[in-house]
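Heads up: numbering here begins at 1 and tracks the sequence.
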Amino acid sequence: MDNFCVKIVMYKGLHADKVVYYRNKLPIALIDKWHWYFEWLTNIVIISNPDRKIELIICKQTLLQGEEYVNSKSKSLLKAKRAALKKRENDILSGDLFSFKAEDNNRKIQKLKEEIKNLENGVFNYYIPVKYINLIKDVTNKTRILCYRNSAKNCDLCHDCDTDIDNLTSFNY
């Protein structure tokens, strides 16, 4: 079964600046059912940031995450660390009159050996991509919906005041 991801990306100029919403490993049936919700979230971000380009991206899941990512990255890191260790151990230090370079080289060799040992033991102290991002409230914190019935009360985007969608007027900034 193919998994898909949903991203809402905020651009700064021509470059993607921030991913404000990200869900992964979603079946296409679920995306089809909830497509309106992702469009709604995108529109909320657009209204709150009219000067920025906002894009909803629904695409096939290609990035490894979680345990899959750690296993894949551990193999490549282990290979790279072993190659760096071999290079350091076989390196000839020229012009090292007072053996300052040798001490530094030995320190780096010990550090590489510790990192290799940690990777072999399953300890992964590196970046792991997140599985879920929801920064919608951070980029829309000024947006409130004002209702006809209760003009003194500003509702949050979750419609806490029990008004229906027909009674909504406008956005306050």
Side chains of [X] and [Y] in contact at under 4.5 Å (non-hydrogen atoms):
| X | Y | value |
| --- | --- | --- |
| Val9 | Lys53 | no |
| Leu78 | Ile116 | yes |
| Tyr22 | Lys7 | yes |
| Val6 | Leu26 | yes |

How long is the gap from [atom1] on [X] to [atom2] on [Y], to the nearest 0.5 Å?
| X | Y | atom1 | atom2 | result |
| --- | --- | --- | --- | --- |
| Ile8 | Ile54 | CD1 | CD1 | 9.0 Å |
| Lys12 | Lys18 | NZ | NZ | 9.5 Å |
| Ile57 | Phe4 | CD1 | CZ | 14.5 Å |
| Ile136 | Tyr21 | CD1 | OH | 7.5 Å |
| Met10 | Arg52 | CE | CZ | 5.0 Å |
| Leu85 | Gln110 | CG | CD | 9.5 Å |

Test of understanding: clusters of I, L, V, M, F, W, Y form through side-chain heavy atoms closer than 4.5 Å, transitively. Do [X] and [Y] belong to the same one?
| X | Y | result |
| --- | --- | --- |
| Val123 | Ile128 | no |
| Leu64 | Phe124 | yes |
| Trp36 | Leu30 | yes |

Using distance only, find each side-chain donor-acceptor pair of residues 66-77 under 3.5 Å and give its atom names and separation, not counting sequence neighbours.
residue : atom : partner : partner atom : Å
Asn71   : ND2  : Glu67   : O            : 3.3
Ser74   : OG   : Val70   : O            : 2.7
Ser76   : OG   : Lys73   : O            : 3.0

Which atoms form the tightest heavy-atom contact between [X] and [Y], and what is the distance?
| X | Y | answer |
| --- | --- | --- |
| Ala16 | Tyr11 | N-CD2, 3.4 Å |
| Asn49 | Val139 | ND2-O, 3.3 Å |
| Val19 | Leu135 | O-CD1, 3.7 Å |
| Asn3 | Lys25 | CB-CA, 3.7 Å |

Quick one: list whatever passes salt bridge (charged side-chain N to carboxylate O under 4.0 Å, His left out) with Glu120, sequence neighbours left out. Arg82
Give the intermediate values and the outcome of side-chain contact (heavy atoms from CB on, under 4.5 Å) for residues Glu89 and Asn105. CA-CA 8 Å; Glu89 289 176 337; Asn105 194 37; over 6 Å; no
Asn90 side-chain N/O to Lys86 backbone N/O, donor-acceptor pair under 3.5 Å: yes
Tyr126 and Leu119: CA distance, side-chain angles, deciding distance, side-chain contact (heavy atoms from CB on, under 4.5 Å) verdict: CA-CA 10 Å; Tyr126 303 95; Leu119 284 171; 4.1 Å; yes
